[in-house]
Amino acid sequence: GSSVRLEPLEAQWHTSPLWHAIEGHDDLWLYLGEGPFAEEAAFRRQLEKEEQSKDPLYFAIVDQATDLCVGRCSLMRIEPVDR
């Protein structure tokens, strides 16, 4: 898109900028099954698990202007029959 792009999630590249975007915003985790995380290392371990997942399939949301990861998303229940 014109504002962001999706990239396959890679903990090596996306952990630090994403951690700085979410650090201190524990309310973001209210309806999620993981988090909040007390430290970046624990958050990185979570992203490493997500990076290996095939379903759900995780993506980093990267700001086109800054080239920094600002979020993540996932696609779940991927069924070839549904295209």
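Numbers here simply count residues along the sequence, with the first being 1.
Side-chain N or O atoms of Asp55 include one that pairs as donor or acceptor with a backbone N or O of Arg77 at under 3.5 Å.
The OG atom of Ser74 sits 9.5 Å away from the CZ atom of Phe59 when rounded to the nearest 0.5 Å.
Grouped by direct or indirect side-chain proximity (heavy atoms under 4.5 Å, Ile/Leu/Val/Met/Phe/Trp/Tyr only), Phe43 sits with Leu9, Leu18, Trp19, Ile22, Leu28, Trp29, Leu32, Phe37, Leu47, Tyr58. Tyr31 belongs to a hydrophobic cluster whose remaining members, ordered by chain and number, are Leu30; membership requires side-chain heavy atoms of ILVMFWY residues under 4.5 Å apart, directly or through intermediates.
One hydrophobic cluster, built from ILVMFWY side chains closer than 4.5 Å, cannot hold both Val62 and Leu6; they sit in different ones.
In this structure, Glu48 pairs ionically with Arg44, as a charged nitrogen and a carboxylate oxygen lie closer than 4.0 Å.
With contacts defined as side-chain heavy-atom distances shorter than 4.5 Å, the pair Leu75/Pro56 does not qualify.
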key: Verdict with supporting geometry, Glu40 and Ser16, side-chain contact (heavy atoms from CB on, under 4.5 Å)   = CA-CA 7 Å; Glu40 185 175 341; Ser16 188; 3.5 Å; yes
task = Test side-chain contact (heavy atoms from CB on, under 4.5 Å) on Leu57 and Ile78 and set out the steps.
result = CA-CA 8 Å; Leu57 185 60; Ile78 302 166; 3.7 Å; yes
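Of the residues Ile61, Asp63, Asp67, the one that meets the side chain to side chain contact (heavy atoms under 4.5 Å, CB included) test with Arg5 is Asp67. Looking at Glu34, Glu10, Glu51 one by one, the single match for salt bridge (Lys or Arg N to Asp or Glu O under 4.0 Å) with Arg72 turns out to be Glu34.
Side chain to side chain, Glu7 and His14 meet the donor-acceptor criterion of an N or O pair below 3.5 Å.
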